[in-house]
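Structure first, commentary second.
Excluded from the calculations below are hydrogen atoms, water molecules and symmetry mates; all remaining heavy atoms, backbone and side chain alike, are included.
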Amino acid sequence: MAEKQPKDTSGLQVWQWRTKAIQSAIAADVPPAEVDWLLQEVAGLDSLALRLELFKDWPQIKLRLPLEELEVLWQKRLHERLPVQYITGVTPWRQFKVVVSPAVLIPRPETECLIDLAVATVCKSQENLCLEQGHWADLGTGSGAIALGLADVFRKATIHAVDCSGEALLLAQQNAQNYGFGDRIHFYHGYWWEPLESLKGQFSGMVSNPPYIPTTLVSELQPEVMNHEPKLALDGGIDGLACIRHLIETSYTYLHPGGVWLVEMMAGQADVVREMVQNQGSYGDIEIHTDLAGIERFAVAKKL
Ligand code: GLN
C-alpha cells in the first residue's frame, strides 16, 4: 500500500471506529482481529498501543490513511469479502512478511510445514550434506513464499522458482529481494520443470504447492477465495490431481538419485497420491504427513 502523508486524528475517534468495526466483523463472521491488522498495516498504529487500547486517550494519532478511507476498505472486506491480506498487501508467513496481491494465492499457514518437512527429510537422508547444498525447485512459486522458506533453511542451496504467471513472478522477485535472497533465488517464467531443462538430473529437491482443487469444487469455496484468489492457483482439473500427476510424471528426470519430491495436496487425496507415486516406479521412501489440523496434507518421496 502506498505511503501517504500521515493525518492527525483524535484517539477517541479511532477507538470509536475500531469498536464499531469489531462489532460489524462479528456480525459478518469475519475474524475481529482483522480490524487491528488493518489499523496496524494500513493506518500504521502501534501493536502495543492497540493491545492496551492506550490510543483511546491520545489527543492526536497520526494515521497513514484517514478514517473515511479505512472505512471504505473495511466495507470491501465485509461486503465484497476481499481478503484482508489483499487490502494490506502483505501476509505473515513463517518469519516473513510476504507481499501479496490478487495475482497470487495468499500463502497459507499449513504450507509453512512444507519447509519443515523438507528440512526433516534432508536431515534423515544419508546424503544430507549434498542435499542441502544443491539445486532446489519451487514449482508454481506464486508469491515466492516457499522459495523464501527454502532459501532460509538451506543456506548453501540455489533455489529455482518457476511460475507461469509473469505478474506472480514480479511479486515473488520483490519478496526475494526484500529478504536479501535476490542472488540465491532464480526466477523462471514457464510451466513446471520446463524452464529448468538444462539442469535435468541435478536437483536435490523439489517442493510444490500446486493447484489441487477439483474444478467443480472451486465455485463452492468461500467467497474470499472463490471471488478474489487466482483460479490458476486453485483449479487442479477434473479430479484436482492434474498438476500433482504431472509433477509425479516429470520430476524424477530432474532429481538426482536420493533427491526429495515434496508436495502439498487436498484433504482426501493422500491415498491416491501415494498410489500414483508408488506406481510410477522411480520413487521410494514415500510418506504422507499431516498438517497441524491433523489432515493428511503432504506427500514426500525420494528419487530412487
Ligand atoms: N507456492 C505458492 C504458495 O504456496 C503458490 C501456490 C499456488 O499458487 N498454488 O502459496
Side-chain angles (χ1 to χ4, degrees), residues 85 91 93-94 96 98-115 117-118 135-151 157-176 181 185-197 199 203-215 217-218 221 225 228-255 259-266 269 273 276-277 291 297-301:
Q85 295 90 338
T91 195
W93 194 83
R94 291 182 71 89
F96 308 108
V98 178
V99 176
V100 293
S101 82
V104 299
L105 191 85
I106 299 163
R108 303 294 202 264
E110 59 269 27
T111 306
E112 297 184 5
C113 300
L114 274 175
I115 308 301
L117 268 173
H135 296 287
W136 281 77
D138 169 14
L139 303 183
T141 192
S143 63
I146 293 174
L148 292 184
L150 290 174
T158 303
I159 318 298
H160 303 268
V162 180
D163 209 285
C164 61
S165 154
E167 251 186 294
L169 277 179
L170 282 176
L171 211 74
Q173 258 161 324
Q174 185 186 338
N175 279 316
F181 293 138
I185 308 180
H186 301 178
F187 292 92
Y188 306 81
H189 193 197
Y191 288 91
W192 309 115
W193 287 105
E194 223 173 62
L196 303 173
E197 183 88 33
L199 289 169
F203 278 86
S204 296
M206 83 105 223
V207 183
S208 182
N209 174 24
Y212 50 63
I213 298 167
T215 307
L217 293 187
V218 173
L221 296 170
V225 182
H228 300 285
E229 298 206 70
K231 297 273 178 312
L232 185 66
L234 301 166
D235 190 341
I238 295 173
D239 62 357
L241 293 166
C243 303
I244 295 181
R245 196 175 286 116
H246 177 81
L247 291 173
I248 294 170
E249 283 162 9
T250 51
S251 299
Y252 69 93
T253 57
Y254 287 84
L255 295 170
V260 177
W261 183 88
L262 173 56
V263 299
E264 181 173 322
M265 61 199 161
M266 195 174 85
Q269 291 176 336
V273 170
M276 289 194 302
V277 176
D291 63 17
R297 173 77 66 192
F298 312 104
V300 56

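Nearest heavy atom pair, residue His189 against residue Pro195, reads O-CG, 4.0 Å. A pairwise comparison of heavy atoms in Thr91 and Gln85 identifies OG1-CG, 3.4 Å as the closest pair. Taking all atoms of both residues into account, the shortest heavy-atom contact from Ala137 to Leu196 is CB-CD1, 4.2 Å. For Pro107 against Trp93, the heavy-atom pair with the smallest separation is CB-CD1, 3.4 Å. Of all heavy-atom pairs between Leu262 and Ala118, the closest is CD2-N, 3.6 Å. Residues His246 and Thr250 come closest through the heavy atom pair O-OG1, 2.7 Å.
The side-chain heavy atoms of Phe203 and Ser251, taken from C-beta on, include no pair separated by under 4.5 Å. Residues Ile185 and Leu148 meet the side-chain proximity criterion, which asks for heavy atoms closer than 4.5 Å. In this structure, Ile146 and Ile115 have side chains that are in contact, with non-hydrogen atoms separated by less than 4.5 Å. Residues Asp291 and Phe298 have side chains in contact (heavy-atom distance under 4.5 Å, counting atoms from C-beta outward). Leu171 places a side-chain heavy atom less than 4.5 Å from the side chain of Gln174. Looking at heavy atoms from C-beta onward, Asp235 lies in side-chain contact with Thr215 at the 4.5 angstrom threshold. A 4.5 Å side-chain heavy-atom check between Phe96 and Asn175 finds every atom pair outside the cut-off.
Legend: residues meeting side-chain contact (heavy atoms from CB on, under 4.5 Å) with Ala168, ordered by chain and number and at least two apart, are Val104, Asp163, Ser165. Judged as a side-chain contact (heavy atoms from CB on, under 4.5 Å), and not counting sequence neighbours, the contacts of His186 are Thr158, His160, Tyr188. Every residue meeting the ring pair (Phe, Tyr, Trp, His ring centres under 6.0 Å) condition with Tyr254, not counting sequence neighbours, appears here in chain and number order: Trp193. Here Ser204 pairs with His256 under the side chain to side chain donor-acceptor pair (under 3.5 Å) rule; sequence neighbours left out.
Here side chain to side chain donor-acceptor pair (under 3.5 Å) pairs that include residues 142-151, with residues two or more places apart or in two chains, number zero.
For the atom pair Met206 CE and Leu247 CG, the distance stands at 5.0 Å (nearest 0.5 Å). We find the CG-CE distance between Asn209 and Met265 to be 11.5 Å, quoted to the nearest 0.5 Å. The structure places OG1 of Thr253 at 8.0 Å from CD of Glu197, a figure rounded to the nearest 0.5 Å. To the nearest 0.5 Å, the span separating CG on Leu234 from CG on Leu221 amounts to 6.5 Å.
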- Message: Before you tell me yes or no, could you show the steps for Trp261 and Val277 under side-chain contact (heavy atoms from CB on, under 4.5 Å), namely the whole-Å CA-CA distance, both residues' side-chain angles and the distance that decides it to 0.1 Å?
- Response: CA-CA 10 Å; Trp261 183 88; Val277 176; 3.8 Å; yes
- Message: Run Leu217 and Met266 through side-chain contact (heavy atoms from CB on, under 4.5 Å) and show every step you take.
- Response: CA-CA 12 Å; Leu217 293 187; Met266 195 174 85; 4.2 Å; yes
- Could you give me the CA-CA distance, side-chain angles and deciding distance for Tyr212 and Val263, then say whether side-chain contact (heavy atoms from CB on, under 4.5 Å) is met? CA-CA 10 Å; Tyr212 50 63; Val263 299; over 6 Å; no
Acceptor/donor pairs from residues 236-244 side chains to any protein atom, 3.5 angstrom cut, sequence neighbours excluded:
from	atom 1	to	atom 2	distance (Å)
Asp239	OD1	Leu241	N	2.9
Asp239	OD2	Arg245	NH2	2.5

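Checked against Thr111 for a side chain to side chain donor-acceptor pair (under 3.5 Å), the options Glu264, Arg94, Arg297 give a single hit: Glu264.
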